[in-house]
Student: 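This structure is in structure tokens; I'll ask about it shortly.
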Amino acid sequence: MRILVCGGAGYIGSHTCVALLERGHDVVIGDNFSNSSPKVLARLQRITGVPVACERVDLRNRLALIRLLLRHRFDAVIHFAALKAVGDSCKRPLEYFQNNISGTINLLQAMQAANIHRLVFSSSATVYGDPEAVPVQEGARLQVTNPYGRTKLVVEQLIGDLCHSQPSFHVANLRYFNPVGAHPSGLIGEDPAGIPNNLMPYICRVAAGRSRRLSIFGGDYPTPDGTGVRDYIHVTDLAQAHVDALEYLADNGRSLTVNLGTGRGVSVLELVRAFEDASGRKVPYEIVERRAGDVAQVWADPSLARRLLGWRAQLDVDAMCRDAWRWQFMNPDGYSGRVAGTGRRPARGFAPTNGATSPLRI
Ligand code: NAD
Ligand code: UDP
């Protein structure tokens, strides 16, 4: 299939492009680079051996989108393009509504104009808010606690209405739990702007000596060790699920909504220890007040994705930590720096995998 990957230059999108290309699909990235770097394109080529087509486009520009979709003959769209920082969304909700909701409406209109009927949408476990029970199933009550989460829920709902009105339109809503890790080559990974909000990039930053210590938000949750529990999932497992979902839409002509997680809850302290083992670095921490809006524990019941897509997460927390650290170590300045790898002794567990050779240069 020929796939438009909106937001394909970003963290999850770039890994999904690799998975799509490895399974023989054609890819065109559409991105405005508001939270990514065009440098990812050379890295994708390095990993896959093929140049990846890319068009700079902003989802808020409907005419440009329509032109893009009419210019190519896409079989489907994967839609990653969104603003995603919870705290930021509380400060500027209108920007989030415009980018994530209006941008998606523009995309749907462009798809209609170009007669494209298959969409894979990046949703989030945030639509469950503070779930009544874990593991969370797809039928659980939906509730959101911040504007970012609201954009995900609203977009799921409005796409649902579109599917009702237009039976040939099919969507895969993929509710991600906590994506972490990086491609095993160390060439692509998560490159947050400024100081990271999320746990894994913050741990990487501390291990690299760029922050003194990790603040663990809350040590008195009703969890086995008192710290928050989440379902961390390796980004390459997540990427594979997108290809499976796309192929499901093409083969079955039915929509679906599934959780994408491992089904295993991991506490903050467990993740810190696993990271220390994988990297050979200490991660100093202190336990501080709970972060407003955080819930004690959330993990997925991923059995529906297994049943419908034949997908299940393959990689464990050790692999997530090893790959996250490799990316951090090789790219201390993210995409804005050069790839490290020459003249420095690699930290433990750093043999490049997946056929990538060392030293790596871009
Ligand atoms: P990311 O910011 O790395 O990638 C998003 C990409 O979309 C970026 O390349 C950005 O430049 C682009 N983009 C944003 N607005 C755009 C617009 N108006 N027009 C064109 N391009 C635009 O984020 P990610 O972590 O890869 O997340 C991808 C998707 O998954 C997002 O929709 C996010 O909400 C969702 N999600 C992410 C997580 C997570 O923890 N990373 C969890 C659940 C859901
Ligand atoms: N967390 C933490 N310190 C940090 C960042 C996160 O203790 O600097 C905790 C947070 O309270 C939660 C878990 O790590 O229990 C995962 O947080 P993250 O922001 O990565 O994802 P969330 O599930 O909140 O979207």
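Order of appearance sets the numbers: ligands from 1, and atoms from 1 within every ligand.
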Student: Looking at Arg23 and Asp244, is there a salt bridge between them, counting it only when a charged N and a carboxylate O are closer than 4.0 Å?
Tutor: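 Answer for the salt bridge query: yes.
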Student: Would you call Ser123 a ligand 1 contact, heavy-atom distance under 4.0 Å?
Tutor: yes
Student: Under a 4.0 Å heavy-atom limit, does Leu199 contact ligand 2 with its side chain, its backbone, both, or neither?
Tutor: both
Student: Just by modelled atom types, is the Cys90 backbone N or O under 3.5 Å from a matching donor or acceptor in the Asn146 side chain?
Tutor: no
Student: Starting from atom 31 (C) of ligand 1, which protein heavy atom do you reach first, and at what distance in Å?
Tutor: Phe80 O, 3.1 Å
Student: Any chance the side chains of Gln314 and Gln240 put a donor and an acceptor closer than 3.5 Å?
Tutor: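 No pair is found: no donor N or O on one side chain lies under 3.5 Å from an acceptor on the other.
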Student: Measuring only between side-chain heavy atoms, which start at C-beta, is Ser267 closer than 4.5 Å to Thr223?
Tutor: no
Student: Counting heavy atoms only, which part of Asn178 comes closer than 4.0 Å to ligand 1: side chain, backbone, both or neither?
Tutor: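 Neither; no heavy atom under 4.0 Å.
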Student: Give a yes/no verdict on whether any heavy atom in Pro179 is under 4.0 Å from an atom of ligand 1.
Tutor: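 It does, in that a heavy atom of Pro179 comes within the 4.0 Å cut-off of ligand 1.
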Student: Are the side chains of Ile78 and Leu4 in touch, meaning some heavy atoms are under 4.5 Å apart?
Tutor: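 A side-chain contact is absent here, since even the closest heavy-atom pair is not under 4.5 Å.
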Student: Cut-off 3.5 Å, side chains only: do Ser122 and Tyr176 have a donor facing an acceptor?
Tutor: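 Side chains of Ser122 and Tyr176: pair found under 3.5 Å.
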Student: Does any N or O in the side chain of Glu276 come within less than 3.5 Å of the main-chain N or O of Val283, such that one atom is a donor and the other an acceptor?
Tutor: yes
Student: Between Arg92 and Asp88, is there a side-chain N and carboxylate O pair less than 4.0 Å apart?
Tutor: yes
Student: Could you list which atoms of ligand 2 come closer than 4.0 Å to a heavy atom of Asn178?
Tutor: 21 (O), 22 (P), 23 (O)
Student: What is the nearest protein non-hydrogen atom to atom 25 (O) of ligand 1, stated with its residue, atom name and distance?
Tutor: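 Answer for atom 25 (O) of ligand 1: Lys84 NZ, 2.7 Å.
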Student: Parallel, tilted or perpendicular: which describes the rings of Tyr148 and Tyr96, with under 30° parallel and over 60° perpendicular?
Tutor: perpendicular
Student: At what distance is the nearest protein heavy atom to atom 24 (O) of ligand 2, and which residue and atom is it?
Tutor: Arg291 NH2, 3.0 Å
Student: To which of Tyr96, Tyr148, Tyr176 does the heavy atom nearest atom 33 (C) of ligand 1 belong?
Tutor: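 Residue with the shortest heavy-atom distance to the ligand atom: Tyr148.
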Student: Looking only at protein heavy atoms, which one is nearest to atom 11 (O) of ligand 2, and what is the separation?
Tutor: Asp294 OD2, 2.5 Å
Student: Using a plain distance cutoff, I'd like to know if Gly228 has any nitrogen or oxygen under 3.5 Å from a nitrogen or oxygen of ligand 2.
Tutor: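 In fact, backbone or side chain, Gly228 has no N or O that close.
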Student: Return the residue, atom name and 0.1 Å-rounded distance of the protein heavy atom closest to atom 11 (O) of ligand 1.
Tutor: Asp31 OD1, 2.7 Å
Student: Backbone, side chain, both or neither: what part of Asn197 comes under 4.0 angstrom of ligand 2, heavy atoms only?
Tutor: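 The part of Asn197 near ligand 2 is the backbone, not the side chain.
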Student: Under 4.0 Å, heavy-atom basis, I'd like to know which part of Val268 is in contact with ligand 2: side chain, backbone, both or neither.
Tutor: side chain
Student: Would you mind checking which non-hydrogen protein atom is closest to atom 27 (O) of ligand 1, with the distance to 0.1 Å?
Tutor: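 Closest protein heavy atom to atom 27 (O) of ligand 1: Ile12 CD1, 3.8 Å.
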Student: Enumerate the atoms of ligand 1 whose separation from the nearest heavy atom of Ser34 is less than 4.0 angstrom.
Tutor: 10 (C), 11 (O), 13 (N), 14 (C), 15 (N)
Student: Note the single closest protein heavy atom to atom 19 (N) of ligand 1, along with its residue, its atom name and the distance in Å.
Tutor: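 So the nearest neighbour among protein heavy atoms is Leu59 N, 2.9 Å.
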Student: Just so I know, are the side chains of Trp327 and His183 near enough to count as touching, which here means a heavy-atom distance under 4.5 Å?
Tutor: no
Student: Side chain or backbone of Phe33 under 4.0 Å from ligand 1, or both, or neither, by non-hydrogen atoms?
Tutor: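 The part of Phe33 near ligand 1 is the backbone, not the side chain.
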Student: To check your reading of the model: name the closest protein heavy atom to atom 1 (P) of ligand 1, its residue, and the distance in Å.
Tutor: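 Answer, as residue, atom name and distance: Asn35 ND2, 3.8 Å.
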Student: Within a 6.0 Å radius of atom CD on Glu286, are there more than 12 heavy atoms belonging to other residues, nucleotides or ligands?
Tutor: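 Atom CD in Glu286 is crowded, with more than 12 foreign heavy atoms closer than 6.0 Å.
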Student: Against heavy atoms of Ser36, which atoms of ligand 1 measure under 4.0 Å?
Tutor: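 With Ser36 as reference, the close atoms of ligand 1 come out as 8 (C), 9 (O), 11 (O).
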Student: When you compare ligand 2 with Ser215, is there at least one nitrogen or oxygen pair between them that comes in under 3.5 angstrom?
Tutor: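 Between Ser215 and ligand 2, an N or O pair is found under 3.5 Å apart.
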Student: Answer yes or no for Arg290 and Tyr221: cation-pi contact, defined as NZ/CZ to six-membered ring centre under 6.0 Å and angle to ring axis within 45°.
Tutor: yes
Student: Examine His79 against ligand 1 and note whether any of their N/O atoms are separated by less than 3.5 Å.
Tutor: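 Between His79 and ligand 1 (N or O atoms, distance only) the closest approach is not under 3.5 Å.
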Student: Could a heavy atom of Lys152 be found less than 4.0 Å from some atom of ligand 1?
Tutor: yes
Student: With distance as the sole test, does Arg230 use its side chain to make a donor-acceptor pair with the main-chain N or O of Asn178 at under 3.5 Å?
Tutor: no
Student: What are the atoms of ligand 1, with element, lying closer than 4.0 Å to any heavy atom of Val57?
Tutor: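 Taking each heavy atom of Val57 in turn, ligand 1 has 19 (N), 20 (C) under 4.0 Å.
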Student: Among all protein heavy atoms in this structure, tell me which lies nearest to atom 1 (N) of ligand 2, with the distance rounded to 0.1 Å.
Tutor: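 In this structure, atom 1 (N) of ligand 2 has Phe217 CD1, 3.6 Å as its nearest protein heavy atom.
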Student: From atom 43 (C) of ligand 1, work out which of Pro192, Ser122, Ser124 has a heavy atom at the shortest distance.
Tutor: Ser124
Student: Between Leu214 and ligand 2, find which residue part has any heavy-atom pair under 4.0 Å and reply side chain, backbone, both or neither.
Tutor: side chain
Student: Could you verify whether a donor N or O on one side chain and an acceptor N or O on the other, from Asn197 and Arg291, lie under 3.5 Å apart?
Tutor: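 The criterion, which ignores hydrogens and geometry beyond distance, is not satisfied for Arg291 and Asn197.
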Student: So which heavy atom in the protein is nearest atom 23 (O) of ligand 2, and how far is it from that ligand atom?
Tutor: Arg230 NE, 2.7 Å
Student: Checking Phe74 against Arg118 for the side chain to side chain contact (heavy atoms under 4.5 Å, CB included) test, could you report, in this order, the C-alpha distance in whole Å, the side-chain angles of both residues, the deciding distance, and whether it holds?
Tutor: CA-CA 10 Å; Phe74 293 116; Arg118 296 181 195 120; over 6 Å; no
Student: Does Tyr176 have a non-hydrogen atom less than 4.0 Å from ligand 2?
Tutor: no
Student: Counting only heavy atoms closer than 4.0 Å, does ligand 1 sit against the backbone of Asn99, its side chain, both, or neither?
Tutor: side chain
Student: Between Glu138 and Arg175, is the closest basic N to carboxylate O distance under 4.0 Å?
Tutor: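 No, no charged N to carboxylate O under 4.0 Å.
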Student: Would you say Asn259's side chain and Asp301's backbone share a donor-acceptor pair under 3.5 angstrom?
Tutor: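 Yes: the side chain of Asn259 pairs with the backbone of Asp301.
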Student: Note the single closest protein heavy atom to atom 16 (C) of ligand 2, along with its residue, its atom name and the distance in Å.
Tutor: Tyr232 OH, 3.4 Å
Student: Please check: side-chain N/O of Asp130 versus main-chain N/O of Val295, any donor-acceptor pairing under 3.5 Å?
Tutor: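 No, because the side chain of Asp130 does not come within donor-acceptor range (under 3.5 Å) of the backbone of Val295.
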Student: With a 6.0 Å cut-off (strictly less than), is the heavy-atom count around CZ of Arg205, excluding the residue itself, greater than 12?
Tutor: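 Yes, CZ of Arg205 has more than 12 neighbouring heavy atoms, counting only those of other groups under 6.0 Å.
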Student: Can you pull out the closest protein heavy atom to atom 4 (O) of ligand 1? Residue, atom name and distance to 0.1 Å, please.
Tutor: Gly10 CA, 3.5 Å
Student: What is the nearest protein non-hydrogen atom to atom 18 (P) of ligand 2, stated with its residue, atom name and distance?
Tutor: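 Of the protein heavy atoms, Asn198 ND2, 3.5 Å lies nearest.
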Student: To the nearest 0.1 Å, how far is atom 13 (N) of ligand 1 from its closest protein heavy atom, and which atom is that?
Tutor: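 Atom 13 (N) of ligand 1 sits closest to the protein heavy atom Asn32 OD1, 3.4 Å.
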